[in-house]
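Remarks on the structure that follows.
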Amino acid sequence: MGDGDRNGLRVVLLGPPGCGKGTQADLLSERYEVPKISTGDMLREAVAAGSALGRRVEEIMARGELVDDDTMAEVVRERLAKRDARDGFLLDGYPRTVPQAETLAGILSRRGEELDAVVHIQVPEEELVQRALGRQRADDTDEVIRERLRVYGKKTEPLVGYYRARGLLAEVDGSPVIEAVSESIIAALED
Ligand code: AMP
């Protein structure tokens, strides 16, 4: 995948809610010494802080819908401009739509950078529902969980083809135990 050296890794983790990408992003972030950038975490922090952004996105998130692309572009542009993201990053939860993928490509190309790889973590839908119910947040109803999966299929899954067409996609089986998934990702990145 690409020619990313160990300290210059620019990677997107792509996969449905519950596929384990947050956990994998944590592990990879430690291994490659690049920050994990989770837009979901950033938005939850904004909600907890009661900021203007937080107030704007709170209800949308509670419904399992997506925050609009312009708002997300602002959030990501600001975060990627920080010093720690200069030499690489692991994006967890962004991009989630084709326009977001284009925004990201634009931000990177203006810096003379590009993605090294997009890791697609695949987990059968049945298993996702089971996992989601298991780790259900107090304010998540089954309906919200299902809505998140539906939105993923409709708006985010097209990114698989988008990145495959650009030669960036690495497919990884997300069913095994965490360590095994992690090894598959590392193997794909260092291929
Ligand atoms: P996550 O923790 O990644 O599942 O994100 C939690 C929620 O934050 C999502 O269900 C969306 O409402 C919102 N969110 C996070 N990242 C994005 C994004 N890239 N685009 C739109 N909404 C997002």
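This chain uses plain numbering: 1 for the first residue, then up along the sequence. Ligands are counted one by one from 1 in listed order, and the atoms in each one are counted from 1 as well.
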*Out of M42, R96, E65, R148, whose heavy atom sits nearest atom 1 (P) of ligand 1?*
R96
*Does a donor on one side chain and an acceptor on the other come within less than 3.5 Å for D173 and Q122?*
no
*Any N or O of D41 that comes nearer than 3.5 Å to an N or O of ligand 1?*
no
*Taking all atoms of both residues into account, what is the closest heavy-atom pair of S184 and V172, and its distance?*
CB-CG1, 3.8 Å
*For the pair V12 and K21, evaluate side chain to side chain contact (heavy atoms under 4.5 Å, CB included) and give the outcome as yes or no after the intermediate values.*
CA-CA 10 Å; V12 166; K21 60 185 184 306; over 6 Å; no
*Does the N or O separation between V67 and ligand 1 drop below 3.5 Å for any pair?*
yes
_I'd like to check whether G93 has a polar contact with ligand 1, where a contact means an N/O of the residue lying under 3.5 Å from an N/O of the ligand._
yes
_Carboxylate-amine/guanidinium contact R31 E190, below 4.0 Å_ = yes
*asked:* If you define the side chain from C-beta out and look only at heavy atoms, does anything of E114 sit under 4.5 Å from L108?
replied: no
*Counting only heavy atoms, which portion of M61 has something under 4.0 Å from ligand 1: side chain, backbone, both, or neither?*
both
_Over-ring placement of R166 relative to Y162, 6.0 Å and 45° cut-offs_ = yes
*With side chains defined as the heavy atoms from C-beta onward, is the minimum distance between R63 and V144 less than 4.5 Å?*
no
*Please state which part of L66 comes within less than 4.0 Å of ligand 1, counting heavy atoms only: side chain, backbone, both or neither.*
both
*Return yes or no for this condition: an N or O of R44 is under 3.5 Å from an N or O of ligand 1.*
yes
*Numbering as shown, the atoms of ligand 1 that approach Q100 to under 4.0 Å (heavy-atom distance)*: 18 (C), 19 (N), 20 (N), 21 (C)
*Should you measure from each heavy atom of T39, which atoms of ligand 1 turn up under 4.0 Å away?*
15 (C), 16 (N), 17 (C), 19 (N)
